[in-house]
Amino acid sequence: MAEERQYEEIEAPQPQESAQEQLPAAEEVDDDGTMSLVAHLTELRSRLIKCLIAVGLGSCVGYYFIDDIMHYLTLPAGKLYYMQPSEAFFTYLKVAVVAGFLMALPIVFYQVWRFFLPALTRRERMVLGIVVPVSVVLFFAGLSFSFFLVLPAGIRFFMGFGNSELEALFSVNKYFDFVITFVLPFGFVFELPLIITILGKMGILTSAILKKYQRIVIFLSFVAGAIITPTPDVFTQSMIALPMIILYEVGYFIVRYILRN
């Protein structure tokens with residue numbers, strides 16, 4: 001019996017030790033149930049690391065298929081040249097990183113969505129669950145529209161200034177910079193109907209307001225085209241301004257006839 005009592009006395013402090021071991025984990029949550037600043041920063045670091053890993057893996061895949069990617073990128077311009085020994089190598093790395101970021105973009109959006117998820121209500125989670133995929137689809141739709149339709153027309157327009165005495169020789173680095181600055185804005189421009197729909201659903205915008213400012217939007221579209229485009233010619237500015245106007249009208253149609261606002 002004495003041995004059993006000694007055994008019980010020895011075993012009794014163990015629950016207190018386990019409670020002390022769990023104390024640091026409990027300190028991460030405040031009394032009102034919200035996460036502490038340290039927990040938020042830890043979560044943010046974890047999400048950023050996952051995004052960087054996704055971009056890194058996408059860049060590796062992009063570099064593996066760099067010849068195929070460069071083949072499609074150079075189709076509108078034809079043969080390119082490099083003026084410095086390291087220009088082609090660093091351009092390939094730049095192309096691989098951009099391709100990796102585009103491939104990892106759904107994962108990046110998902111990580112951002114997951115980071116803000118605990119602070120959202122159930123209704124807001126459902127809305128973002130629809131908005132995030134739609135925004136990704138619209139972004140890639142804008143890139144595709146620009147690359148397959150607008151970019152070839154723009155390249156042909158600029159090459160039309162050549163003649164027997166003036167031949168176009170595109171540097172691979174300058175050409176890629178031109179493609180990026182020309183194509184990427186269309187990805188953001190194609191988000192316009194989604195933004196208008198969200199603001200219309202929230203009651204901030206109505207069809208009457210959208211109709212009232214149509215002329216101003218047309219003017220601002222050409223101003224934005226002049227700011228975004230890498231060249232000062234009217235053709236390139238119009239290639240950005242006209243889709244913005246059409247997308248604005250699409251948003252107006254959704255707000256007036258679908259949302260009936």
Side-chain angles (χ1 to χ4, degrees), residues 51 76 98-99 101-117 119-154 178-231 233-261:
C51 291
V98 173
F101 174 77
L102 294 178
M103 286 187 284
L105 195 59
I107 298 176
V108 173
F109 273 90
Y110 174 76
Q111 294 299 327
V112 173
W113 178 71
R114 289 288 300 177
F115 177 75
F116 290 104
L117 190 63
L120 302 176
T121 63
R122 187 173 183 179
R123 179 180 178 85
E124 291 172 342
R125 293 178 184 180
M126 294 177 61
V127 172
L128 277 184
I130 299 175
V131 170
V132 172
V134 171
S135 62
V136 174
V137 172
L138 288 176
F139 184 80
F140 280 105
L143 296 183
S144 301
F145 172 81
S146 176
F147 183 77
F148 291 105
L149 296 178
V150 183
L151 181 63
F178 174 82
V179 171
I180 291 297
T181 55
F182 194 93
V183 172
L184 278 183
F186 281 87
F188 298 102
V189 168
F190 269 62
E191 304 287 345
L192 186 60
L194 180 63
I195 296 174
I196 294 177
T197 302
I198 294 175
L199 295 178
K201 187 66 176 179
M202 296 172 61
I204 299 176
L205 288 180
T206 61
S207 58
I209 295 176
L210 294 173
K211 186 176 181 179
K212 179 180 178 181
Y213 291 99
Q214 279 180 334
R215 294 183 179 179
I216 299 177
V217 169
I218 293 174
F219 172 75
L220 293 178
S221 297
F222 282 95
V223 173
I227 296 174
I228 294 174
T229 52
T231 55
D233 63 283
V234 179
F235 175 81
T236 309
Q237 297 172 10
S238 300
M239 288 295 99
I240 291 182
L242 292 178
M244 290 180 66
I245 297 172
I246 296 174
L247 293 171
Y248 180 84
E249 296 298 330
V250 171
Y252 170 75
F253 178 85
I254 294 175
V255 172
R256 180 173 181 179
Y257 296 102
I258 297 180
L259 298 181
R260 298 185 181 277
N261 189 355

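Just so it is clear, the values below take in all heavy atoms, side chains as well, and ignore hydrogens, waters and symmetry mates. Keep in mind it's a predicted model, so treat the numbers as computed, not measured.
- Minimum interatomic distance between Leu184 and Phe139 (heavy atoms only, all atoms of both residues): CD2-CZ, 4.2 Å.
- Expressed to the nearest 0.5 Å, how far CG of Leu143 lies from CZ of Phe148 amounts to 10.0 Å.
- The distance from atom CZ of Phe101 to atom CD1 of Ile107, rounded to the nearest 0.5 Å, is 12.0 Å.
- Between Phe190 and Phe145, the ring-plane angle classifies as tilted under the 30° and 60° cut-offs.
- Pairing each heavy atom of Ile218 with each of Ile245, the nearest pair is CG2-CD1, 3.8 Å.
- Rounding to the nearest 0.5 Å places OG1 of Thr206 at 11.5 Å from CD1 of Ile204.
- Scanning both residues, Ser135 and Glu191, for their nearest heavy atoms gives O-OE2, 2.5 Å.
- The minimum heavy-atom distance linking Ser207 with Tyr252 is given by the pair O-CE1, 3.2 Å.
- With hydrogens and angles disregarded, no donor-acceptor distance shorter than 3.5 Å links the side chain of Ser146 to the backbone of Gly142.
- Here the closest non-hydrogen pair linking Met244 and Ser221 is CB-OG, 3.9 Å.
- Side-chain contact between Phe178 and Leu151 is present, with at least one heavy-atom pair separated by less than 4.5 Å.
- Side chain of Tyr248 to main chain of Leu210: a donor-acceptor pair is present (N/O by atom type, distance under 3.5 Å, no hydrogens or angles).
- Nearest heavy-atom pair, Val136 versus Pro106, reported as atom, atom and distance to 0.1 Å: CG1-CG, 4.3 Å.
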For Ile196 and Ile254, what are the C-alpha separation, side-chain angles and deciding distance, and is it a side chain to side chain contact (heavy atoms under 4.5 Å, CB included)? CA-CA 9 Å; Ile196 294 177; Ile254 294 175; over 6 Å; no
Might you work through the side chain to side chain contact (heavy atoms under 4.5 Å, CB included) test for Arg114 and Tyr110, ending with a clear yes or no? CA-CA 6 Å; Arg114 289 288 300 177; Tyr110 174 76; 3.5 Å; yes
